[in-house]
There are 2 protein chains.
Amino acid sequence: MSPAHRSRLLTHITADLVVLTIRSGQLHVLVVERDNEPFAGQLALPGGFLRGDETLDRTAARELREETGMDPGSLHLEQVGVYSDPDRDPRVRRVITCSYLAIAPNLPVPTAGSDAREARWVTVARLLAPRARLAFDHKRILADAVERAREKLQFSTVATAFCDAEFTIGDLREVYEAVWGVELDRPNFHRKVTDADGFVVSTGRKRTSAGGRPASLYRAGDAETISPPMMRTPRARK
Amino acid sequence: MSPAHRSRLLTHITADLVVLTIRSGQLHVLVVERDNEPFAGQLALPGGFLRGDETLDRTAARELREETGMDPGSLHLEQVGVYSDPDRDPRVRRVITCSYLAIAPNLPVPTAGSDAREARWVTVARLLAPRARLAFDHKRILADAVERAREKLQFSTVATAFCDAEFTIGDLREVYEAVWGVELDRPNFHRKVTDADGFVVSTGRKRTSAGGRPASLYRAGDAETISPPMMRTPRARK
DNA sequence: GCAAAAGTGTTTTAGCTACACCCATGT
DNA sequence: ACATGGGTGTAGCTAAAACACTTTTGC
């Protein structure tokens, strides 16, 4: 693809996953505990090496299934960035990683899949705290993916990917509040979301959860973008 | 970074560039004519292979300098996506490309740099036309990068990267009109841009171009995002 | 004077904020 | 009854759209 034939470089490629979900109002990410060096015993993002006949997107989907037991077809999975610092892996001097943001509802059990090591949910806040450590440059990768998620909530309808097939407006509001770390005005949120074209579709059914009036159930609409965008108004945290 | 040691795969990596600029009101991209197989004689995006001691960001910057003679330090350069289809390069069965969006003012001559083949500006509209062809999957890469640029104009201040160090509000409006392919209301655009905090800063100077009242000159401000975002109202094309 | 682009003013309307208030359920 | 979350109404404000109008140059 270029004339610089003299110094081509062969490298290893991995797809690493930042799987996000909401559990009890907190943004969580799926991490595994490493059992090999380097960084044995430390927390890391799940991921794995590219194989011969697949695209990176497929690698990401496969690893998601293998390492976490989740179904990649059912959740939002998108490329975020490439990490290519020559020294990011102390062993081999060169491993390039493409990171993926995956958004999952809370339903699937956080526990491991078939051949997986132990995988578990940890709050993002804890892993991004100044003192926290993750293997490799995974803290940076996590931060970038979370930032991407925060931005996407504003202009796209991905927030529904955090919810089950049927959800209430309150569920959806919790997603925004957890990801953005703000408290939103309930009445205004309700209007904005139900008025937005193709964001949510009423199913007619209702869900009656502990305490309070039963909430109408919705499913995700066809639209992928919201215009005008959802506004992330700064207020005090819950 | 994962247990799948059995089927690791070594691959070639390139950084390919989508260098955009505005020339006489039209969005242009920098392309080179290939002189080697495959796709000899066809148009392609400039780019080149990753070397041992650099990050991909550095590869992109280096290729920009080598192939186009531009100064990478002075212009906006950002990662867009990774293309990893095993069959995207007919020769070697596996070349992974990371694409970069570069935004340049019109000033630098489009002509080639030192060791470069002939590089030239072509309108994006022409290359994305249904009948148009580009080498490899570069048409797709171009389309994705242009789409990224369109989105970024809404929420960020990158539009100034298309302009010289000093520019008029009219120059900036031309950028939006060329990239979005819409006509914007001149008075409203002026207010929106000058009122937005940190988007543009008046230099006090004026520029008197052919015909019309002299325009005040501005330079790019500190802000990186615009809130509320620039709105891309659908109207008829010029 | 006239054309052309820069820039200001003004009216109308959409949409957001804030907050009061009613609704339907469990305990 | 009352706590709890769901949902509607509404007044006030901000900013965008549309367009009339003034300003300052070249010819």
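Computation of the quantities below employed the complete heavy-atom set of this structure, encompassing side-chain atoms and omitting hydrogens, waters and symmetry-equivalent molecules. Lettering of chains follows the sequences in order, A, B, ..., and the numbering in each one begins at 1.
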Output the rounded distance in Å from [atom1] ([X]) to [atom2] ([N]).
X: Asp195(A); N: dA14(C); atom1: CG; atom2: C1'; answer: 12 Å
X: Arg213(A); N: dT8(D); atom1: CZ; atom2: C1'; answer: 9 Å
X: Arg207(A); N: dG7(D); atom1: CZ; atom2: P; answer: 11 Å
X: His190(A); N: dA18(C); atom1: NE2; atom2: C1'; answer: 18 Å
X: Ile169(B); N: dA4(C); atom1: CD1; atom2: P; answer: 22 Å
X: Glu183(B); N: dA17(D); atom1: CD; atom2: C1'; answer: 14 Å
X: Asp185(B); N: dA16(D); atom1: CG; atom2: P; answer: 12 Å
X: Met231(A); N: dA18(C); atom1: CE; atom2: P; answer: 14 Å

For the residue pair Tyr83(A) / Asp16(A), report whether a side-chain donor-acceptor contact shorter than 3.5 Å exists.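 The answer is no; no qualifying pair exists.
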Gly212(B) or Tyr218(B): which one's nearest nucleotide on DNA chain C is closer to the 5' end?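 That would be Gly212(B).
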Report the residue (Arg173(B) or Pro228(A)) whose heavy-atom-nearest nucleotide on DNA chain C is the more 5′ of the two.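 Nearer the 5' end of the strand: Arg173(B).
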Candidates [options] - which lies nearest the side chain of [X]:
X: Thr208(A); options: dA18(C), dG26(C), dG9(D); answer: dG26(C)
X: Asn188(B); options: dA18(D), dT8(C), dA6(C); answer: dA18(D)
X: Arg191(A); options: dA18(C), dT8(C), dA16(D); answer: dA18(C)
X: Pro214(A); options: dC19(C), dT25(D), dA24(C); answer: dA24(C)
X: Arg186(A); options: dA6(C), dA18(D), dG5(D); answer: dG5(D)
X: Ala215(A); options: dT25(C), dG7(D), dG7(C); answer: dG7(D)
X: Pro187(B); options: dG6(D), dG9(C), dT23(D); answer: dG9(C)
X: Lys192(A); options: dG26(C), dC16(C), dT25(D); answer: dC16(C)
X: Ser216(B); options: dG7(C), dC19(C), dC23(C); answer: dG7(C)

Using 4.0 Å as the upper bound for N to carboxylate O, is an ion pair formed by Arg207(A) and Asp164(A)?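 Salt bridge absent between Asp164(A) and Arg207(A).
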Salt-bridge criterion met for Glu78(A) and Arg148(A) (N-O under 4.0 Å):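 A salt bridge links Glu78(A) with Arg148(A).
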May I ask you to check whether over 12 heavy atoms, not counting those of Arg140(B), lie within 6.0 Å of atom CZ?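 Atom CZ in Arg140(B) is not crowded, with 12 or fewer foreign heavy atoms closer than 6.0 Å.
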Tell me which one of Val201(A), Thr194(A), Asp171(A) satisfies side-chain contact (heavy atoms from CB on, under 4.5 Å) with Tyr218(A).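 Answer to the side-chain contact (heavy atoms from CB on, under 4.5 Å) test with Tyr218(A) among Val201(A), Thr194(A), Asp171(A): Thr194(A).
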